[in-house]
Amino acid sequence: MPRSFARSTAELTIQVSEAVSVNKKCDKLFVANFCDLSSSQAQSAIELAVDIGLIKKSGTNYVPATPLIRFICTPDESEKAALLRILLESYEPFLVFRERLNSTNSIDMCSGQV
């Protein structure tokens, strides 16, 4: 069954998560200003960060969704990449994709492009 996804980059998703990690409870305007993003860029990156489990919505604000978020505020890009890998490898759409790829050995078939 098709599923909608927020369209954003890994870099923007990390940036908005850093904003939430720094402030612990902030709204979309704070995130957009902190990251120097447009409202729509911030919204898409926030939606993706929520979807993969970095942050979560609490009322009208966003808060950390995992203690792992403390590792996001580092200049070491390899640590950020490791954190994303941990989260993505437990992300249900990725698990389904990987399972289908293993069984079909076709990216087109497992992504619904056929």
Side-chain angles (χ1 to χ4, degrees):
M1 169 178 263
R3 179 184 190 283
S4 64
F5 294 93
R7 294 188 181 267
S8 188
T9 65
E11 290 82 5
L12 293 183
T13 304
I14 291 292
Q15 282 182 16
V16 301
S17 300
E18 284 183 74
V20 173
S21 180
V22 167
N23 194 341
K24 303 291 188 258
K25 187 174 183 181
C26 55
D27 61 11
K28 183 175 78 170
L29 181 60
F30 173 85
V31 171
N33 289 334
F34 182 92
C35 300
D36 194 26
L37 300 173
S38 69
S39 180
S40 63
Q41 286 175 309
Q43 184 63 42
S44 292
I46 286 169
E47 288 173 10
L48 189 53
V50 167
D51 199 24
I52 66 173
L54 279 167
I55 63 177
K56 63 183 176 182
K57 191 158 184 148
S58 177
T60 59
N61 294 311
Y62 296 93
V63 298
T66 175
L68 294 174
I69 202 169
R70 71 178 185 261
F71 297 112
I72 214 139
C73 292
T74 177
D76 186 345
E77 295 297 320
S78 66
E79 288 182 20
K80 292 177 184 182
L83 173 60
L84 275 179
R85 182 176 181 169
I86 289 167
L87 290 169
L88 289 175
E89 288 189 357
S90 62
Y91 182 53
E92 184 181 0
F94 175 76
L95 296 174
V96 170
F97 176 83
R98 185 174 61 191
E99 183 178 302
R100 291 173 75 185
L101 181 60
N102 286 338
S103 66
T104 65
N105 201 29
S106 167
I107 289 176
D108 289 336
M109 288 183 70
C110 66
S111 65
Q113 299 298 314
V114 175

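Along the sequence shown, residues carry numbers from 1. Model, not experiment: these values are computed from the prediction.
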**Asked** Would the number of heavy atoms belonging to other residues, nucleotides or ligands and lying under 6.0 Å from NZ of Lys56 be above 12?
**Response** no
**Request:** Compare every heavy atom of Cys73 with every heavy atom of Val22, then report the nearest pair and how far apart it is.
**Result:** CG2-SG, 4.1 Å
**Request:** Return each pair, listed once, that meets side-chain hydrogen bond (donor to acceptor under 3.5 Å, both in side chains) where at least one residue sits in residues 30-42; pairs must be two or more places apart or across chains.
**Result:** Lys28-Ser39, Ser38-Ser40, Ser38-Gln41
**Asked** Just by distance, with hydrogens left out, do Glu11 and Gln15 show a side-chain donor and acceptor under 3.5 Å apart?
**Response** no
**Request:** Look up atom CD1 in Ile55 and atom CG in Asn61, then write down how far apart they are to the nearest 0.5 Å.
**Result:** 11.0 Å
**Message:** How long is the straight-line distance from CD1 of Ile14 back to CD1 of Ile72, given to the nearest 0.5 Å?
**Reply:** 3.5 Å
**Message:** Is it the case that atom CG in Asp76 sees more than 12 heavy atoms from other parts of the structure closer than 6.0 Å?
**Reply:** yes
**Prompt:** Which pair of heavy atoms, one from Ala10 and one from Leu84, lies closest together, and at what distance?
**Reply:** CB-CD1, 4.1 Å
**Request:** May I ask you to decide if Ser17's main-chain N or O and Ser21's side chain share a donor-acceptor pair within less than 3.5 Å?
**Result:** no
**Message:** Under the criterion side-chain contact (heavy atoms from CB on, under 4.5 Å), I'd like the reasoning laid out for Leu12 against Cys35: C-alpha separation, chi angles, the key distance, then a yes or no.
**Reply:** CA-CA 8 Å; Leu12 293 183; Cys35 300; over 6 Å; no
**Request:** Calculate, to the nearest 0.5 Å, the distance between atoms CD and OG belonging to Gln43 and Ser8 respectively.
**Result:** 10.5 Å
**Request:** Heavy atoms only: give me the nearest Thr9-Thr13 pair and the separation to one decimal.
**Result:** O-OG1, 2.8 Å
**Selection residues 55-75 - residue pairs positive for ring pair (Phe, Tyr, Trp, His ring centres under 6.0 Å), sequence neighbours left out** = none
**CZ-CG distance between Arg7 and Leu48, expressed to the nearest 0.5 angstrom** = 11.0 Å
For residues 90-98, run the donor-acceptor check on the side chains, cut-off 3.5 Å, and write out each pair with its distance to 0.1 Å, sequence neighbours left out.
from, atom 1, to, atom 2, distance (Å)
Ser90, OG, Leu87, O, 3.1
Tyr91, OH, Arg3, NH1, 3.4
Tyr91, OH, Asp51, OD2, 2.5

**Item:** Listed partners of Phe30 passing side chain to side chain contact (heavy atoms under 4.5 Å, CB included), at least two apart
**Value:** Ala19, Asn23, Cys26, Asp27, Phe34
**Prompt:** So do the side chains of Ile46 and Val20 get within less than 4.5 Å of each other, counting heavy atoms only?
**Reply:** no
**Item:** Between OG1 on residue Thr104 and CD on residue Glu99, distance to nearest 0.5 Å
**Value:** 10.5 Å
**Request:** For residues 12-22, pull every pair meeting salt bridge (Lys or Arg N to Asp or Glu O under 4.0 Å), keeping only residues two or more places apart or in separate chains.
**Result:** Glu18-Lys80
**Request:** For residues Ala6 and Glu47, report the shortest heavy-atom separation together with the two atoms involved.
**Result:** CB-CB, 3.5 Å
**Message:** Which residues pass the side chain to side chain contact (heavy atoms under 4.5 Å, CB included) test with Ser58, not counting sequence neighbours?
**Reply:** Val63
**Request:** Taking the side chain as every heavy atom from C-beta outward, state whether Leu54 and Leu83 have any atom pair closer than 4.5 Å.
**Result:** yes
**More than 12 heavy atoms of other groups within 6.0 Å of Lys24 NZ** = yes
